[in-house]
Amino acid sequence: MSYDDQNIFAKILRGEVPSTFIYEDEWAVAFHDINPQAPDHILVIPRGPYVSMVDFAMGASDDEVTGFFRAVAKVATAAGLDDDGYRILANAGPNSHQEVPHLHVHIFGGKRLGPMLVTNFK
Ligand code: 5GP
């Protein structure tokens, strides 16, 4: 899947859509999800134009990959989630219900999150 630079996160990165970054560095930015699914629900996105984890991990430089995952860890820690725990999730493609085609890691926390998946595959 090719990258669509008109997706909402690309617009947020370019400053065309207002958003409050709770973290930003050379490699990544983080902001609160507009429709939170947990008391803490943060999105971390790489600055580069990557659709999915495969696109990112195979196409990005080592510095980008390292910088992005360090950013995820820094954001989770800064949000105070490391002691009680949190969940990270990255949707990719139609089976995952990925809505925004720019790689993003969801960080969920702030309560007992329960079993990993809501739906039962059977
Ligand atoms: P996905 O289903 O692609 O993994 O998740 C996309 C997430 O982006 C959803 O949780 C949705 O609430 C969030 N989202 C969509 N548009 C915006 C927006 O304009 N601002 C913010 N902060 N979050 C958004």
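All values derive from a computational prediction rather than experimental measurement. Atoms within a ligand are numbered from 1 in the order they appear, just like the ligands themselves.
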If you measure every N/O of [X] against every N/O of ligand 1, is any gap under 3.5 Å?
X	value
Val100	yes
His104	yes
Gln98	no
Phe31	no

Without swapping roles, check the side chain of Arg87 against the backbone of His106 for a donor-acceptor pair under 3.5 Å.
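Checked: no pair found.
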Between Arg47 and Glu24, is the closest basic N to carboxylate O distance under 4.0 Å?
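Counted as a salt bridge, because a side-chain N and a carboxylate O are separated by less than 4.0 Å.
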Nearest option to atom 22 (N) of ligand 1, as decided by whichever heavy atom of Gln37, His32, His41 sits closest:
His32
Given Asp33, Thr20, Leu89, Leu43, identify the one with the heavy atom nearest to atom 9 (C) of ligand 1.
Asp33
Does any part of the side chain of [Y], heavy atoms only, come nearer than 4.5 Å to the side chain of [X], both counted from C-beta?
X	Y	answer
Ile42	His32	yes
Ile8	Val17	yes
Leu113	Tyr86	no

His104 vs Phe9 aromatic rings, parallel, tilted or perpendicular, using cut-offs 30° and 60°?
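Rings of His104 and Phe9: perpendicular, over 60°.
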At a 4.0 Å threshold, what atoms of ligand 1 neighbour a non-hydrogen atom of [X]?
X	value
Asn91	1 (P), 2 (O), 4 (O)
Glu99	1 (P), 2 (O), 3 (O)
Asn35	12 (O)
His97	2 (O)
His106	1 (P), 4 (O), 5 (O), 7 (C), 10 (O)

Would you find more than 12 non-hydrogen atoms of other residues, nucleotides or ligands less than 6.0 Å from Arg14 atom CZ?
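Atom CZ in Arg14 is packed in, count exceeds 12.
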Heavy-atom pairs closer than 4.0 Å: do any link ligand 1 to the side chain of Ile8, the backbone, both, or neither?
side chain
Can you tell me which residue and heavy atom of the protein come closest to atom 8 (O) of ligand 1, and the distance to 0.1 Å?
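Heavy-atom neighbour on the protein nearest atom 8 (O) of ligand 1: Phe9 CZ, 3.4 Å.
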Please write down residue, atom name and distance for the protein heavy atom closest to atom 14 (N) of ligand 1.
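Its nearest protein heavy-atom neighbour is Ile34 CG2, 3.7 Å.
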Taking the ring of Phe56 and the ring of Phe68, is the distance between their centroids below 6.0 Å?
yes
Val100 reachable from Tyr3 in the ILVMFWY side-chain graph, under 4.5 Å edges
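No.
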